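Right, one structure below, let's go through it.
Naming: A, B, ... by sequence-line order, numbering from 1 per chain. Computed from a predicted model, the values in this text were never measured in an experiment.
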Number of protein chains: 2
Amino acid sequence: MFTEERQQQMLQYVQERQRAAVSELSETFGVSEATVRRDLKELEEAGLLRRTHGGAITREAVGVEPSFLEKRDRFADEKQRIAKEAACLIEKNEIVLLDSGTTTYQLAKLLKRRSPLTIVTNSHQILQELQWAEHLELISTGGTVRRETLSLVGPLAERGLSMMKVDKLFLGTNGLHPEEGVTTPHLLEAQVKQAMIRSAKEVVLLCDHSKLNKTTFAKVCPLSAIDTLITDRGISADLLDQIKNDGTDVILA
Amino acid sequence: MFTEERQQQMLQYVQERQRAAVSELSETFGVSEATVRRDLKELEEAGLLRRTHGGAITREAVGVEPSFLEKRDRFADEKQRIAKEAACLIEKNEIVLLDSGTTTYQLAKLLKRRSPLTIVTNSHQILQELQWAEHLELISTGGTVRRETLSLVGPLAERGLSMMKVDKLFLGTNGLHPEEGVTTPHLLEAQVKQAMIRSAKEVVLLCDHSKLNKTTFAKVCPLSAIDTLITDRGISADLLDQIKNDGTDVILA
DNA sequence: TTATATATGATTATCTATGATCGTTACAAG
DNA sequence: CTTGTAACGATCATAGATAATCATATATAA
């Protein structure tokens, strides 16, 4: 995207919601905060919007809403920390496979501002998030769209996955149990996850503590298929030991 | 091609998509980047477009920028009428394959409010448009994301397509010529289009008059591979005859 | 024909846009 | 008020784009 285009869209973005944070713009447009500040400065000099500490507001909105910085998403806090740990595992130019799910989605967001990578995913949501990130080679597995999760499933997805071998898989789940392993509520998704595991040299499971010791409908794989588990500190010491004894590395975010 | 001619086409190219990179133009017109820059400089001095670092944008693109992809329609009217005709060809519960492109995108929009259908597409833009339409079974071919068109290309897409046989294919194009057939500026897209044709029982080409009698880089198929052409009334009588004689049905929107 | 003009591509030094770093400044919670 | 945190702006390095220059090929003029 050209500088002018980006600035124009940035202006539109700000106007649509009356305000925008620098960090938000940086994420949305996939450029550094330094660049966002430069852009906003130019737009302000052109009289098109107004800078504030932390972001920008439209000229009309001056005085309407002075502080907007605390609008943070606490909901995804643990997931964000897990995602951050996961991002640390990814090296430049690697080929990573991202499962669909909220935690992997957080991870995808982090990858918008990073070194060149190839990203394969069956998550339509992640594809949308990353579609303009030019440093990323983006590959969709294809498949039938499941609206509940915006993931791509079915034989097409599985067949697509069978054509590749990726460096690292980041898997999401709805249940992790020491005996039952990884489970998910939908059969088709479970099958895709299995195909993903077959296509990966290394499997990393992202799973916040709310899903630990749970089982759901469809079995994906035993715990032993997981090389690394990233979870948060809500995990019990018992379970932690059990998992480690199974030969799975555990990272606490 | 003469210099004047090339500059004229370059201007048209930029206007059609609101933007173009120097590298892109260089590739498309088969001249060096130095020449593209000289051309763009002259066009800018003539006030016909605006230079940016790395390329050029139309003057209209500066100022009001509607949601990104939608506004790059120069012949939006014709395309909508063509899309409407195309929609009439689709029957309930059919399986249709939609190519990526602005005209097929218009068609996709029309299908949001219609009878149940299965839609297969390699257009990420169409997938986004239809992702919440519950009466549609949506299938992505998969593949590598091409940002210029938000289409999915590459071996994955081709392999995915090889797994199916759809009732009707709605194909877009950048050039239709009586002798050269259907052409498109990008090799990978051409290959995907070929795979689509192989996967379809019936091929319908959507093509507004601005693309008639044009050839671009990569050959997709001869005219004879097209069962039905839908175009607008801008087509010349000569060409119309020629196409009909080739055994292709023509619908004028 | 020869001479000149024009268009083009290659080469390269320069410029621009960007991201990273770091000391400074502004804000809000004590 | 003080203080910790986050945003800021200045500065620098770098990749990529640009403009200037030159060589060449083709077209035009003499």
Side chain to side chain donor-acceptor pair (under 3.5 Å) partner of B:Q128, chosen from B:Q125, B:Q131, B:H124: B:H124
In terms of heavy-atom contacts, does NZ of B:K41 have more than 12 from other residues, nucleotides or ligands at under 6.0 Å? no
Remember a base hit wins even if backbone is also touched, and classify B:T52 as base, sugar-phosphate or nothing at under 4.0 Å, heavy atoms. sugar-phosphate
Rounded to the nearest Å, what distance is computed from the CG atom of residue B:L25 to the P atom of nucleotide C:dG9? 13 Å
Between C1' on C:dG19 and NZ on A:K92, what's the gap in Å once rounded to a whole number? 13 Å
Salt bridge (Lys or Arg N to Asp or Glu O under 4.0 Å) evaluation trace for B:R50 with A:E4: CA-CA 10 Å; B:R50 192 169 150 196; A:E4 272 87 349; 3.7 Å; yes
Presence of salt bridge, A:E42 and A:R38, under 4.0 angstrom: no
Length of the CE-C1' vector between B:M10 and C:dT8, whole Å: 12 Å
Let me know, please, whether A:A34 or B:R37 comes out on the 5' side of the other along DNA chain D by nearest nucleotide. A:A34
For B:E5 and C:dT8, what is the distance between atoms CD and P respectively, to the nearest whole Å? 12 Å
Going by atom types only, do A:D208 and A:S210 share a side-chain donor-acceptor pair under 3.5 Å? yes
Between CD of A:E33 and C1' of D:dA10 the distance, given in whole Å, is 16 Å
Figure out the CD/C1' separation between A:E27 and D:dA7, and round it to whole Å. 17 Å
Specify the separation, in whole Å, of atom CD of B:E24 and atom C1' of D:dG16. 17 Å
B:I226 and side chain to side chain contact (heavy atoms under 4.5 Å, CB included): which single residue from B:L176, B:V220, B:V182 fits? B:V182
Tabulate atom names and distances for all N/O pairs under 3.5 angstrom spanning the protein and nucleotides 15-18 of chain C.
from, atom 1, to, atom 2, distance (Å)
C:dT16, O4', B:H53, NE2, 3.3
C:dA17, O3', A:T3, OG1, 3.2
C:dT18, OP1, A:T3, OG1, 3.4
C:dT18, OP1, A:R6, NH1, 2.6
C:dT18, OP1, A:R6, NH2, 3.2
C:dT18, OP2, A:R6, NH2, 2.8

